[in-house]
Amino acid sequence: MPQRTIEKFLGGLNVSQHPTQIADDACQRLENMEVRPTNIGNNLTYFALTSRFSYQRLHTDSLSMIPYNLVEFVVRGIGSTVYASGVGGSINDASFAGAYTGTLINATYVVSIDATNAAGTPETFKWTVNGVAGASGVVINGTAQTLNFGLTIDFATTGSTTKHVVNDAWSVNVSPNGTKYLVVGGYSTFSSDFKVRYLEDGKTTTTLISSQGAGTLANSSICSFMLFNQNLYYTDGQLAWRRWNGVNDVASGFTTVTKYGILHKNKAFYLWDVTNNRPNRIWSSNTGDPETVPAANNYNIGDYSDGLVIGVEDGERIILIKEKSLWCFYLAPTFSDSQILSGALFKGSISPLGIVSDKSFGTFLYGTQGMLSVAGLSAQPTLLQIYNQLRGFQNSRAALMVNEDQLLISTLSSSGQAYNNRIYTLDLLDEDNPRVFQWNANLNLFCQNRGLLTFGNKLKAIEYAGGTIAYIVELDAVASTAEASIDCIAQTKDFMMFSKDHEPLVQTVNHVIVNFNAPNTVKDLVVDVMADGVSVASASYTPTVTGFNKRIFYFQPHIARGYRISYKFTHTQVATNATRFAIYGFSDDFNLELRPDQT
């Protein structure tokens with residue numbers, strides 16, 4: 001009786017070849033499993049095909065929007081000074097400074113003149129924090145005067161004569177330096193506006209930063225974030241850019257409406273000029289000042305009908321991704337001397353969030369033709385194992401992210417197609433034989449800068465399954481309010497056997513031996529014999545011990561038979577089990593028979 005043994009079941013998913021042609025250790029169907037280090041008996045660790053971990057919702061309130069981008073942001077601490085004059089007041093000469101060392105988030109300090117004394121005596125002020133009195137009758141002395149927790153106020157005009165009026169007031173919002181937020185932006189179908197909300201590190205509810213264009217906006221399917229000078233700039237591509245520093249949200253000084261932005265060589269580059277109807281135009285700011293953009297600092301990139309999608313900062317150049325072509329921009333000391341090189345052309349279009357660049361692994365694009373890998377000025381198809389799976393899912397919601405040595409690919413689609421919840425992960429370390437795995441999870445997009453500084457210091461994403469119910473989540477979690485269980489499926493290749501005359505033989509399966517890791521003693525491992533694409537026999541086993549198990553599954557050969565034989569392994573992982581289900585390997589025992597017309 002012949003036998004097959006697959007000692008390491010590590011080949012990943014391959015749906016680009018016929019199931020009979022893929023590698024022996026690969027799968028024709030693979031859901032919610034990936035290769036991870038897995039412990040056996042607390043003393044040996046193997047790489048094994050293992051259940052993925054779950055994801056954890058980080059807040060209890062829904063975002064109440066269709067989310068289009070997520071970014072992690074660390075605030076600088078002190079916002080801008082706001083002046084409110086008293087009756088007859090006209091001198092706005094005070095400013096806040098210092099390094100705030102308190103613990104209050106977005107605390108509001110108000111300093112107001114409480115006495116304008118007779119000539120020859122200084123004026124005095126009082127101050128409050130969040131409406132609570134701090135001190136009064138403080139003499140203005142012409143220096144930076146400390147309020148508390150390192151916050152100071154400095155009056156520029158002081159002396160023996162009255163300079164202000166009573167109730168002249170200055171206010172500022174402050175947060176501790178290093179306060180960390182996750183910020184998400186999107187469109188609200190209820191109020192027809194563009195919303196931006198934040199979730200403070202460790203908190204359980206989100207807070208509104210801004211609501212723009214209430215009742216007047218259509219859904220642009222865009223939220224662009226740009227981090228610059230400890231500020232977060234954002235737009236929906238219909239309204240001018242705004243700036244948030246963690247305490248104040250104000251309009252940017254750059255008023256031209258553009259769709260996308262990128263930081264390069266301490267300059268802000270703005271892409272797709274909406275105000276002037278130039279989809280192929282870029283603007284460049286002054287060095288260190290993203291809000292001052294000289295009128296001469298613009299370039300039209302290629303054809304007008306081929307709109308810019310996004311730019312990728314790539315050392316000495318910007319890779320400019322248009323809907324149907326790739327370009328490179330080389331910035332010169334004098335903007336007009338900068339160089340533009342034309343690169344690859346491609347059919348279809350590219351998703352704005354379906355672009356990711358990593359110094360170690362390169363730049364990837366996701367569009368209607370599937371995955372493209374950028375090298376120099378060319379863009380080549382990649383991920384042949386799932387090439388057909390990725391085609392046709394391009395839209396503004398498709399997203400990519402690099403997580404350690406994996407590329408994560410979200411294919412969630414809403415452009416005339418049914419929503420789907422497939423996330424593909426690609427191991428990037430083996431360039432010659434990259435392994436692909438598939439998660440079934442409602443993850444719509446990934447954090448623009450990964451989000452590793454907040455909560456559990458793991459990759460952040462958005463959970464979204466349509467409508468406006470959406471959550472910021474953290475991956476690789478055991479505790480889960482989003483998933484009770486995870487259905488794990490691994491189906492082997494189709495094994496075939498042939499006679500000396502190269503005729504296919506009938507295989508009759510006697511038994512299958514599976515080495516696996518059991519996370520509990522409740523959920524079964526089910527093994528199906530798939531003959532010529534159909535399940536013809538099934539057996540299950542409920543482990544009596546957790547950890548390593550070796551089990552023989554017996555079948556009736558006169559039923560478990562066919563020309564093409566594969567095995568489907570199914571297990572339901574309890575999401576909150578710290579131990580994960582894993583398959584180490586398997587072997588089978590079978591007989592061979594000639595076809596009836598060969599006997």
Side-chain angles (χ1 to χ4, degrees), residues 3-36 38 47-52 383-390 420-427 433 435-441 485-497 504 507-517 523-541 551-555 559-573 580-590:
Q3 294 180 333
R4 284 178 288 249
T5 299
I6 308 299
E7 294 183 353
K8 295 182 178 180
F9 199 25
L10 306 178
L13 177 66
N14 188 337
V15 294
S16 67
Q17 295 177 281
H18 191 275
T20 60
Q21 300 300 311
I22 65 178
D24 287 355
D25 66 347
C27 291
Q28 60 177 292
R29 181 182 179 187
L30 184 60
E31 299 178 14
N32 293 321
M33 301 191 75
E34 58 188 350
V35 170
R36 287 178 178 264
T38 303
F47 282 99
L49 190 61
T50 305
S51 167
R52 69 167 173 84
L383 297 195
L384 297 180
Q385 298 98 317
I386 53 171
Y387 184 70
N388 292 327
Q389 298 287 85
L390 292 178
N420 71 92
N421 64 346
R422 289 185 292 188
I423 303 294
Y424 293 103
T425 71
L426 168 69
D427 282 350
N433 186 31
R435 294 178 297 189
V436 176
F437 307 98
Q438 176 186 327
W439 303 351
N440 295 342
S485 59
I486 301 169
D487 294 328
C488 302
I489 299 174
Q491 184 177 347
T492 70
K493 69 174 290 182
D494 282 353
F495 296 100
M496 292 192 71
M497 302 296 290
Q507 304 171 71
T508 61
V509 178
N510 300 310
H511 66 255
V512 177
I513 302 173
V514 184
N515 298 324
F516 68 100
N517 191 72
K523 300 295 184 178
D524 294 345
L525 170 61
V526 180
V527 179
D528 284 89
V529 177
M530 309 292 291
D532 304 317
V534 179
S535 176
V536 294
S538 182
S540 62
Y541 171 65
R551 180 69 179 179
I552 302 178
F553 294 82
Y554 291 98
F555 300 96
I559 296 177
R561 64 199 316 270
Y563 296 111
R564 293 182 290 114
I565 294 294
S566 68
Y567 303 109
K568 184 176 73 172
F569 306 102
T570 306
H571 176 81
T572 299
Q573 170 76 51
R580 312 313 274 185
F581 168 67
I583 301 175
Y584 300 109
F586 67 92
S587 62
D588 64 353
D589 182 277
F590 58 96

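Residue numbers start at 1 and run along the sequence shown.
Residues that satisfy the salt bridge (charged side-chain N to carboxylate O under 4.0 Å, His left out) test with Asp25, not counting sequence neighbours, are absent from this structure. Residues passing the ring pair (Phe, Tyr, Trp, His ring centres under 6.0 Å) test with Phe495, sequence neighbours excluded: none. In this structure, the side chain to side chain donor-acceptor pair (under 3.5 Å) partners of Gln507, at least two apart in sequence or on a different chain, are Arg4. For Phe581, the ring pair (Phe, Tyr, Trp, His ring centres under 6.0 Å) partners are His571, not counting sequence neighbours. Checked against ring pair (Phe, Tyr, Trp, His ring centres under 6.0 Å), Tyr554 has the following partners two or more places apart in sequence or in another chain: His511. Here Phe437 pairs with nothing under the ring pair (Phe, Tyr, Trp, His ring centres under 6.0 Å) rule; sequence neighbours left out. For Arg551, there are no salt bridge (charged side-chain N to carboxylate O under 4.0 Å, His left out) partners two or more places apart in sequence or in a different chain. For the side chain to side chain donor-acceptor pair (under 3.5 Å) test, no residue two or more places apart in sequence or in another chain qualifies with Glu7. Listed by chain and residue number, Gln389, Arg422 satisfy the side chain to side chain donor-acceptor pair (under 3.5 Å) test with Tyr424 (two or more places apart in sequence, or in another chain). Every side chain to side chain donor-acceptor pair (under 3.5 Å) that Thr572 has, sequence neighbours left out, goes to Asp487. By the salt bridge (charged side-chain N to carboxylate O under 4.0 Å, His left out) test, Arg561 pairs with Glu593, sequence neighbours left out.
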Show every donor-acceptor pair shorter than 3.5 Å between a side-chain atom in residues 524-531 and any protein atom, with sequence neighbours excluded, or say none if there are none.
from	atom 1	to	atom 2	distance (Å)
Asp524	OD1	Thr542	OG1	2.1
Asp528	OD2	Ser535	OG	2.9
Asp528	OD2	Ser538	OG	3.4

Take Asn32 and Gln573 through the test side-chain contact (heavy atoms from CB on, under 4.5 Å) and record every step on the way to the result.
CA-CA 10 Å; Asn32 293 321; Gln573 170 76 51; over 6 Å; no

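For the atom pair CD of Gln28 and CD of Gln21, the computed distance is 12.5 Å after rounding to the nearest 0.5 Å. Here the OG1-CD distance, from Thr570 to Gln491, works out to 9.0 Å after rounding to the nearest 0.5 Å. A distance of 12.0 Å separates CG of Asn517 from CG of Leu49, quoted to the nearest 0.5 Å. For the atom pair NZ of Lys493 and NE2 of His18, the computed distance is 11.0 Å after rounding to the nearest 0.5 Å.
For the pair Phe516 and Tyr541, the minimum side-chain heavy-atom distance is below 4.5 Å.
Inspection of the Ser16 and Asn14 side chains reveals an N or O donor paired with an N or O acceptor under 3.5 Å. In this model, no donor atom of one side chain and acceptor atom of the other lie less than 3.5 Å apart for Gln3 and Ser587.
Ring geometry for Phe569 against Phe586 counts as tilted: the plane angle lies between 30° and 60°, on a 0 to 90° scale.
No side-chain donor-acceptor contact under 3.5 Å links Thr20 to the backbone of Asp494.
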